[in-house]
Every structure is written in C-alpha cells, then in structure tokens.
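The figures here come from the full heavy-atom set of this structure, side chains too, leaving out hydrogens, waters and symmetry mates. Here is how names work: the chains are called A, B, and so on, in the same order as the sequence lines, proteins then strands, and each is numbered from 1.
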Amino acid sequence: MTQAQKASLSPETVLAEMKKNRVTHVVWLPDSETNWLYLLMKAEPSLTLVGVNREGLAFSAAAGISAGGKHPLVLIQNTGLLESGDSLRGWALGLDIPVVMMVGYRGWTRHGVNTDTAATYTERFLNAFGINYYLVESDEDAPRISIAFEEARKTKRPVAVLVADEYHGFNR
Amino acid sequence: MMDTAEMLKVFNRYRGDAIVVPGRGGRHWVAISTRPSRDLPLGDPAMGGHASFAMGLALARPDQKIVLFDSEGDVQMGMGILATIAEQQPANFYHFMLDNECYGTTGGQPVPGARTVAYDAIARACGYTRTHAYDNLETFSLNVERILSGPGPVFVALKVRPEIENEPIGTRRKWRTRTQVQAIRDLRRELGIAEA
C-alpha cells in the first residue's frame with residue numbers, strides 16, 4: 001500500500017459511519033466525485049437515497065424526515081452548501097433539526113495556496129451560521145464523523161463534516 | 001377562484017386522521033382543524049421548502065397520510081422537488097397547491113407566469129400518479145373525497161382568491177399558536193416517536 005493510499009478516506013469507511021450512526025435516508029446531490037459511494041449506498045438495504053436537484057431542498061427534506069422520526073444525512077458539495085443558506089437557516093437551524101451534513105470540500109488543500117473560491121468561503125459560511133464542523137481527510141479521521149453525529153443529537157443542530165479528500169472518500 | 005378558508009373547511013370534512021402541513025393556508029387552518037396534534041402549522045420557515053419538507057415526512061412515515069397545502073410561489077421557487085417526489089412515489093403524499101397568482105404576503109405582485117403556468121401539467125410531466133386542477137369550490141367539493149381515498153403522490157392545483165398583506169411584517173396578525181419546534185414536538189408525541 002502506498003503512502004497516498006494509507007492517507008486516503010475510503011467510501012467503505014464513509015458508508016460504515018452512516019450505518020453505525022443509524023442513518024436511514026441520505027438526501028443528496030452528487031458531488032463531483034461521488035460515484036463509487038453512490039454505488040455502495042445504492043446497494044445498502046438500510047438506506048433510502050433521496051436525490052434532490054438543488055441543495056437547498058436537501059435541508060427542508062431532511063427536516064421532514066427528522067420530524068417523522070427517521071435519521072437523515074445530507075450529502076452535498078460545498079458549492080451547494082453556499083446556495084443553501086436560507087433553507088439551512090429556516091428548516092434546519094430554525095426547527096432544531098439534528099442533522100449531519102457531509103460536505104465535499106472542493107478546492108481545499110492542506111499544502112500551498114487555495115485557488116478555488118468554493119473552498120475559500122466554505123468555513124466562513126459555516127462560521128457565519130454558527131455551525132460546527134469537522135475536517136475528515138483520511139480513514140484515521142473517521143471517528144470524527146461519529147463525533148459529528150453525536151454532537152448533532154446532543155445539540156439538536158446541524159453539524160458539518162468537511163470531506164477534504166473528496167476523490168478517495170467518495171470513490172475508489 | 002375559491003376562498004381558501006372555505007376550501008379548507010370542505011377538506012376538513014374528509015381529513016380523517018391525516019397529518020396536515022397547512023403551509024400558506026395555516027392562518028385559516030389553525031381555526032378550522034379539530035386535530036391540532038396532527039397538524040404542522042410551521043408558517044414559512046424558508047420559502048420554497050414546504051414540498052420537500054412534507055415529502056420527507058411522507059417518506060419517514062409511510063404509515064401516515066400526509067397532506068400539504070403548498071403555494072404556487074413556493075412551488076416555483078423549489079420546482080425541482082416535483083421530480084424528486086415523482087421519483088420517490090410516496091403513496092401517502094397528497095400535495096395541494098394554493099394558486100392566488102401573486103405573492104400575497106409582499107403586497108400582491110404577480111408571480112412569473114401568473115396566468116399561464118399549468119402546475120398540474122408540470123406535476124404530471126414529472127411523474128405524479130394523479131393530478132388535478134380546480135378553480136371553483138363546487139367542483140373541488142365534489143372531488144376531494146375521491147382524491148383523498150386514492151393513492152398518492154397526487155397533485156391538486158387550486159385557484160384561490162388572493163389575500164394581500166401589505167403592512168410592515170412586525171405589525172401583522174400573529175396566527176401561530178405554537179412555535180415551530182413545539183408543533184414538531186407535539187406531532188412526534190402524537191406518533192409515539194421518542195426524542196432523538
């Protein structure tokens with residue numbers, strides 16, 4: 001196994017975290033690099049996939065699922081998060097919805113200069129809404145996903161997981 | 001066009017034990033409903049999200065009939081959800097839409113395509129199982145029982161008279177008797193759902 005492979009986040013790990021945290025519905029819009037995770041989720045009988053075509057709709061859908069006693073996960077890219085502000089405010093924060101949003105952190109880099117404005121504004125956006133977030137770069141960070149779920153349950157608020165390694169986290 | 005309150009009174013005769021998300025009809029529904037613990041009068045958490053919220057509720061509770069009173073302004077803002085609802089095919093979802101051809105809470109400006117958009121045709125093209133459109137109370141009254149007794153997802157476009165509000169928001173009549181969070185808590189208790 002190469003160093004790069006060791007340091008990556010696998011879609012199997014992401015799926016295992018969903019199951020561990022009793023996710024019933026994944027409300028999602030494909031990230032740039034989510035295809036393998038999509039195939040895994042589709043094959044998982046305990047999950048219902050609810051595809052939306054604009055990310056703001058994901059938060060209101062997740063609020064309805066949560067109001068009905070089930071456990072949604074929102075799976076989107078940071079670009080979509082940026083367009084979701086009012087829905088996130090009104091439907092998730094306003095209704096005390098304990099939901100984890102797993103956000104592909106497009107453009108993020110640990111090294112050098114970030115050249116993608118989607119990444120530039122992601123954490124600023126979350127901070128503006130007072131939403132806590134956890135950065136996940138590799139399988140070693142996977143426990144942070146469970147921490148996010150636990151925090152969402154305790155605080156009855158949305159909590160974000162920023163998937164820094166979109167390609168490996170959502171693909172193979 | 002029909003009067004929203006009168007239409008809701010007719011609907012209430014056939015409501016049964018459905019969970020009702022009254023949406024833009026909430027101001028009237030709180031005075032009409034006899035089963036408030038099965039109502040979710042949320043007001044307007046964020047425009048454009050009522051249908052996706054109610055769809056989520058329907059998916060989470062397939063054992064319950066979910067009725068939504070959406071609006072045409074909300075549908076236009078989140079129209080993509082019609083495709084998602086059609087894809088998910090929640091048989092327990094009854095999607096009514098109040099169409100007053102304007103943004104009533106901002107002074108009555110017309111919505112885009114106020115007189116031309118056929119919302120029932122859009123829902124049908126997306127894949128809703130059944131779609132209907134009514135512009136008078138009499139025809140609606142004759143059909144509402146049949147609509148509610150068949151399977152969803154069903155979409156019902158209703159032409160209603162505008163009720164224009166043009167006062168500063170802070171001076172408008174507060175019609176909600178419970179907070180949004182309390183309404184959800186009450187419904188969860190009614191359904192026997194333990195707090196997360």
Exercise. Report the C-alpha distance between A/V52 and B/I81 in whole Å, list the side-chain angles of each, state the deciding distance to 0.1 Å, and finish with yes or no for side chain to side chain contact (heavy atoms under 4.5 Å, CB included).
Key: CA-CA 7 Å; A/V52 293; B/I81 202 64; 4.2 Å; yes

Practice problem: Can you establish whether the number of heavy atoms outside B/E138 located under 6.0 Å from its atom CD is more than 12? | Solution: no

Practice problem: Sort out for me which of B/R61, B/Q88, B/Q64, B/M47 touches chain A most, counting heavy-atom pairs under 4.5 Å. | Solution: B/Q88

Practice problem: Name the region of B/A58, side chain, backbone, both or neither, that has any atom closer than 4.5 Å to a heavy atom of chain A. | Solution: neither

Quiz item: Side chain, backbone, both or neither: which part of B/L191 has an atom under 4.5 Å from a heavy atom of chain A?
Solution: neither

Self-check item: Hydrophobic cluster membership, B/M97 vs B/I122, 4.5 Å side-chain cutoff
Solution: yes

Quiz item: Counting heavy atoms not belonging to A/K42, are there more than 12 under 6.0 Å from its NZ?
Solution: no

Self-check item: Sidechain-backbone polar pair: A/D96 side chain, B/V181 backbone, donor-acceptor under 3.5 Å
Solution: no

Quiz item: Name the one of A/N53, A/V27, A/L57 that satisfies side-chain contact (heavy atoms from CB on, under 4.5 Å) with B/T84?
Solution: A/N53

Quiz item: Can you tell me if OH on A/Y121 sees more than 12 non-hydrogen neighbours from other groups inside 6.0 Å?
Solution: no

Practice problem: To the nearest 0.5 Å, tell me how far A/L95 CG sits from B/R185 CZ. | Solution: 11.5 Å

Exercise. Please state whether the side chain, the backbone, both or neither of A/T48 comes within less than 4.5 Å of a heavy atom of chain B.
Key: side chain

Exercise. Flag yes if A/L93 and B/F53 sit in one hydrophobic cluster, no otherwise; membership is Ile, Leu, Val, Met, Phe, Trp, Tyr, and two members link when side-chain heavy atoms are under 4.5 Å apart.
Key: yes

Quiz item: Is chain A contacted by the side chain of B/L42, its backbone, both, or neither, given a heavy-atom distance below 4.5 Å?
Solution: side chain

Self-check item: Cluster overlap B/V67 with B/Y119, hydrophobic side-chain contacts below 4.5 Å
Solution: no

Quiz item: Quick one: do A/W36 and A/I145 end up in the same hydrophobic cluster if we chain Ile, Leu, Val, Met, Phe, Trp and Tyr together by side-chain heavy atoms under 4.5 Å apart?
Solution: yes

Quiz item: Would A/Y38 end up clustered with A/M18 when hydrophobic side chains under 4.5 Å apart are linked, directly or stepwise?
Solution: yes

Practice problem: Would you name the heavy atoms of A/G68 and B/A60 that are closest together and state the gap between them? | Solution: CA-CB, 3.9 Å

Self-check item: Partner chain B: residue of A/S60, A/A67, A/G56 with the largest heavy-atom pair count (under 4.5 Å)
Solution: A/S60

Self-check item: side chain to side chain contact (heavy atoms under 4.5 Å, CB included) between A/W91 and B/Q180, intermediate numbers included
Solution: CA-CA 10 Å; A/W91 292 101; B/Q180 297 165 329; over 6 Å; no

Quiz item: More than 12 foreign heavy atoms under 6.0 Å from CZ of B/R15: is that the case here?
Solution: yes

Quiz item: Which bit of A/L49 is near chain B, if near means a heavy-atom gap under 4.5 Å: side chain, backbone, both or neither?
Solution: backbone

Quiz prompt | Spatial distance of atom CE (B/M77) from atom OG (A/S87) [nearest 0.5 Å] | solution = 11.0 Å

Self-check item: B/L57 portion near chain A, given a 4.5 angstrom heavy-atom threshold
Solution: both

